[in-house]
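Just below is one structure, and these are the notes that go with it.
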Amino acid sequence: MEITGEISNIIYQNEINSYTIAEFETEEELTTVVGYLPFIKVGDTLKLVGKFIEHRDYGRQFKIDIFEKIIPQTLGSVERYLANSNIKGIGEILAKRIIKKFGEETIHVFRYEPERLAEVRGISETKAKEISESFIENWEVWQIVGFLERFGIGAEHAKKVFDLYGVKAIEKLETNPYDLIDLVRGVDFKQIDKMTLDLGINYDNEKRITSGIKYGLIKSTYNGNACVQKDNLIEFVIKLLDVTFEKIEDGLIHLKMENEIVIEKRENQEFVYLYNFYQTEEEIAFYIKRLQKAKNIKKIENLAVELKRAERISGIELSIKQKEALKLINENNVSIITGGPGTGKTTIIRNIIDIYEKKGKKVILTAPTGRATKRITEMTGKEASTLHRLLEIGKIDEDSFYKNLRNYEGTPIDGDIIIVDEVSMVDMFVINYLLKCIYQGTKLILVGDIDQLASVGPGSVLKDLINSRTSCYNPFG
């Protein structure tokens, strides 16, 4: 069932997932609508598809399956749309003036004659241009929202698509829907493929094959993989696209020539990387080696004396393994402390903090999640921060995170010793960014258990660093 009307009141809206309960006014009635309505505000005119249901407590409601934002149908709704902070630079007073001046022509003026907005008192020529651009951007983004919903892609990605393609976004994506694979994680490839085949593209079209290869590589990253065995990738793409082995080989060659993938041979097997992932792995190796080779300026002389003092104060006698670990940390700029639960890693961390802070060194304690920082803070008595807060990463959408984080300029961390706990949960992009933010001569201590929780993002950082033998490490248990 389809109904068209205006959001007259928002009763509830979840800030996280945009689940909304609102009053919706149609020509026939005022009804309650429920469903997911991201970015919707009072005054928006919508076309809703769904069905009426009878709620046990709240009575008759319209449950939304999909929605489309449309041009307001009446002068009153246009005024409310303009006044409800949808358009930058317009409030209630200016909205009334604009409607009074242009009446039924208002939408036409915004879209096709924006210079006329300067005829309204309080709007300069410069502001008229800014208001018109805001209106058009707002409007085009919502057309893109409706288009993306056909592929099960959320509204939060519409702005990114608009920023890349502008007002011709839908036209460009309708011509080549495969571009969505490069823009948004989690797309439904089969739906995009079906639409493109319906447009008349051949099964063995090069763009279709290269897109299928990239989709296979991207999908593998959802499981934490940074690369895929070439044979497994080809097998996956054959099933996905129903094309020949030779066509996929040609596609791989093309992507390699365009520097979109890297094919690396190891022990008679070939592995395929997306270029960005390969570059990130190379950078991690470079930064780790450079940090390890830097002058050990944070080394403490007479460590044995400091260990005895720490044992005396804490009343805890360190094991031979724990003393070896502390010596290893003192002698190296990059160290890994690993082992299962109850093997003494936390005792090592407490002693590092005690010994180095007593010598005037600044110790930074961090972990990948809020829960992990809380745990290590309680265990050591020293305040820890999450890696995102330490690195000032902030909130980054998933697509930007994996594609662009390695290009961000890091803010140097003011610390002599940096201890990262629960490193098994840290993905390759975050560890690379962390390494960029560490001054030469700073000690980096990575603590974790490779058998514990793995990272949500790609890469097995802790495991790979241990296997590489690039860093000094001390196993427990």
Side-chain angles (χ1 to χ4, degrees), residues 1-92 95 107 134-163 169-170 180 183-188 191 394-399:
M1 183 178 182
E2 183 181 290
I3 60 174
T4 300
E6 180 184 329
I7 297 288
S8 58
N9 180 37
I10 293 178
I11 300 169
Y12 167 79
Q13 189 166 56
N14 186 298
E15 292 183 2
I16 298 175
N17 62 15
S18 296
Y19 180 81
T20 304
I21 302 172
E23 291 180 342
F24 191 70
E25 190 172 350
T26 67
E27 290 183 355
E28 293 80 23
E29 63 177 333
L30 180 68
T31 188
T32 300
V33 297
V34 296
Y36 297 96
L37 295 174
F39 310 136
I40 291 300
K41 298 179 181 179
V42 171
D44 287 343
T45 301
L46 309 176
K47 182 188 293 182
L48 306 178
V49 177
K51 61 184 177 181
F52 280 102
I53 60 170
E54 195 69 30
H55 192 280
R56 184 177 61 183
D57 298 322
Y58 301 108
R60 186 169 180 260
Q61 298 178 336
F62 187 84
K63 186 176 180 182
I64 303 164
D65 291 328
I66 58 175
F67 74 96
E68 178 185 351
K69 190 172 181 177
I70 61 177
I71 293 176
Q73 305 296 302
T74 66
L75 286 181
S77 60
V78 172
E79 182 179 328
R80 285 188 292 275
Y81 174 76
L82 296 178
N84 278 284
S85 302
N86 290 286
I87 308 302
K88 183 180 179 181
I90 299 181
E92 289 186 20
I107 299 296
S134 178
F135 178 89
I136 291 171
E137 177 178 330
N138 187 281
W139 194 252
E140 291 297 334
V141 166
W142 278 105
Q143 306 312 303
I144 296 168
V145 167
F147 177 81
L148 295 181
E149 280 189 341
R150 294 157 61 182
F151 304 99
I153 299 172
E156 66 273 15
H157 297 291
K159 180 68 165 60
K160 183 192 310 176
V161 174
F162 175 81
D163 288 342
I170 294 176
L180 285 168
L183 292 174
V184 182
R185 283 172 65 87
V187 297
D188 184 341
Q191 201 167 352
K395 185 178 180 181
I396 299 176
D397 71 87
E398 204 173 351
D399 308 313

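Just so you know, residue 1 is the first one in the sequence shown, and it goes up from there.
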Study note, to complete from the structure: The single option from L37, I3, V34 that satisfies side chain to side chain contact (heavy atoms under 4.5 Å, CB included) with I64 is L37
Review point. Do I7 and F24 touch side chain to side chain, with heavy atoms closer than 4.5 Å?
Key: yes
Check your understanding: Could you give the distance from CD (E23) to OG1 (T31), rounded to the nearest 0.5 Å?
Key -> 9.5 Å
**Study point:** Shortest non-hydrogen separation from D65 to G50 and the atoms involved
**Key:** OD2-CA, 3.5 Å
Check your understanding: When rounded to the nearest 0.5 angstrom, what distance separates OG1 in T45 from CD in E6?
Key -> 5.0 Å
Study note, to complete from the structure: Scanning both residues in full, the closest heavy-atom pair of F62 with L48 reads CE2-CB, 3.8 Å
Point to revise | Flag if over 12 foreign heavy atoms under 6.0 Å of OH, Y58 | key: no
Check your understanding: Do any N or O atoms from the side chain of T26 and from the backbone of G5 form a donor-acceptor pair under 3.5 angstrom?
Key -> no
Review point. How would you list, by chain and number, every residue that makes a side-chain hydrogen bond (donor to acceptor under 3.5 Å, both in side chains) with Q13, sequence neighbours excluded?
Key: T20
Practice item. Flag yes if more than 12 heavy atoms outside E27 fall under 6.0 Å of its CD atom; otherwise flag no. Key: no
Review point. If every non-hydrogen atom of I90 is compared with every non-hydrogen atom of A95, which pair is closest and at what distance?
Key: CG2-N, 3.8 Å
Practice item. Can you see which heavy atom on E54 is nearest to which on R60, and at what distance? Key: OE2-N, 3.5 Å
Exercise for review: Of all the heavy-atom pairs spanning I10 and I40, show the shortest one and how long it is.
Suggested key: CD1-O, 3.6 Å
Point to revise | Heavy-atom side-chain proximity of N14 to Y36 below 4.5 angstrom | key: no
Review point. Measuring from I107:CD1 to L82:CG, what's the distance to the nearest 0.5 Å?
Key: 6.5 Å
Practice item. Kindly compute the distance separating CE (M1) from NZ (K51), expressed to the nearest 0.5 Å. Key: 13.0 Å
